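Reading through the structure tokens given below for one structure.
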Amino acid sequence: MNKKYIIANWKMYPISLSDAISYDKNFITKKEWPEEAEIIICPPFPYLSAIKSLTLGAQDCSNKESGAHTGEVSAFILKELGVKYVIIGHSERRDKESNEVIKEKMNMALSQGITPVLCVGEPLEVYKAGDSMAYVKQQLKECQPKKGVILAYEPIWAIGSGLTPTPDEIGNFALELKKEYDMPLLYGGSVSADFAFKLAKIYGINGVLVGYASTQPKEFEKIIFNFCKSNA
Ligand code: PGA
């Protein structure tokens, strides 16, 4: 059975620890999830230990092992907290870091046995010019993902906007990318329950990275089931 990755990127949406705890108790623990689904919750760092019921992910990690790096959180610390996946190179962080730093973060995570979820994606003007694939390939060339990495295609203009590429565009993109990169590929950017159903039918898409909708329990539950029910 092919594993399907459903990643909840909570960003900084939960407004309190009790929010995170009640999500864990009232939403996560009560459901029987599809067997093939690997559901990964990425809360803000301070709430990592509040999530007990599903697979734990983090939203970022440091490119450094330890030492004088104020505000940074190392992959080792994450591992100690039970983190199994970490989002790396999210577009909301990319203005603060180069592809070189992203590569170092990815390797740091791998060295601790944490699976990096490497985000790539183009801005709107690049999409409009029809250059998305070349743009993403350049990002990948500089980040050099290796075995053990999961890729997430997240067009920047689709994040939080309610806009998405068409399923055909995503399908062609996946086909082309997988010729060079033999690793799981997720799609992220305004994923809703309806769109999850369409994404599930796209060959080459192995999961979804969900932002805002993952903080809405009913919608997120539908996303999980819609993505898991329509393909093998
Ligand atoms: P969104 O965010 O689902 O709110 O568009 C996705 C992401 O940023 O990973």
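Just follow the structure's listing: the first ligand is 1, and inside any ligand the first atom is 1. From a predicted model like this one, the values you see are computed outputs, not experimental measurements.
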Distance under 4.0 Å to a non-hydrogen atom of [X]: what atoms of ligand 1 satisfy this?
| X | value |
| --- | --- |
| Leu209 | 9 (O) |
| Gly189 | 5 (O) |
| Asn9 | 9 (O) |

Using a plain distance cutoff, I'd like to know if Gly160 has any nitrogen or oxygen under 3.5 Å from a nitrogen or oxygen of ligand 1.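 Yes: some nitrogen or oxygen of Gly160 is under 3.5 Å from one in ligand 1.
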
Is there at least one pair of N or O atoms, one from Tyr13 and one from ligand 1, spaced under 3.5 Å apart?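 For ligand 1, there is no N or O atom that lies under 3.5 Å from one belonging to Tyr13.
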
[atom] - nearest protein heavy atom and its distance:
| atom | answer |
| --- | --- |
| atom 2 (O) of ligand 1 | Lys11 NZ, 3.2 Å |
| atom 4 (O) of ligand 1 | Tyr212 N, 2.9 Å |
| atom 3 (O) of ligand 1 | Gly211 N, 2.9 Å |

Quickly, which of Lys105, Glu104, His90 forms a side chain to side chain contact (heavy atoms under 4.5 Å, CB included) with Glu97? Name it, please.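 Answer after filtering Lys105, Glu104, His90: Lys105.
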
Count the heavy atoms of every other residue, nucleotide or ligand shown that sit under 6.0 Å from NZ of Lys31, and state whether that count exceeds 12. yes

Relative to ligand 1, is Ile159 under 4.0 angstrom through side chain, backbone, both or neither, heavy atoms considered?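 Under 4.0 Å from ligand 1, Ile159 contributes backbone and side-chain atoms.
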
Calculate, to the nearest 0.5 Å, the distance between atoms CZ and OG belonging to Phe197 and Ser192 respectively.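 One gets 12.5 Å once the value is rounded to the nearest 0.5 Å.
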
Distance, nearest 0.5 Å, that separates CG of Leu54 from NZ of Lys84: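 One finds 13.0 Å between CG of Leu54 and NZ of Lys84.
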
If you look at every heavy atom in Pro43 and Leu56, which pair is closest and at what distance?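 Taking Pro43 first and Leu56 second, the nearest heavy atoms are CD-CD1, 4.3 Å.
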
Per the ring pair (Phe, Tyr, Trp, His ring centres under 6.0 Å) rule, what does the pair list look like for residues 136-166, sequence neighbours excluded?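 Every ring pair (Phe, Tyr, Trp, His ring centres under 6.0 Å) pair that includes a residue of residues 136-166, provided the two are not neighbours, is Tyr127-Trp157, Tyr153-Phe173.
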
Can you name the one residue among Gln139, Gln144, Arg94 that meets side-chain hydrogen bond (donor to acceptor under 3.5 Å, both in side chains) with Asn99? Arg94

Just going by heavy-atom distances, which of Glu154, Gln59, His90 is nearest to atom 8 (O) of ligand 1? His90

Is Gly188 in contact with ligand 1, taking contact as a heavy-atom separation below 4.0 Å? no

Partner set under salt bridge (charged side-chain N to carboxylate O under 4.0 Å, His left out) for Glu176, not counting sequence neighbours: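 Scan of Glu176 (salt bridge (charged side-chain N to carboxylate O under 4.0 Å, His left out), adjacent residues dropped) gives Lys137, Lys179.
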
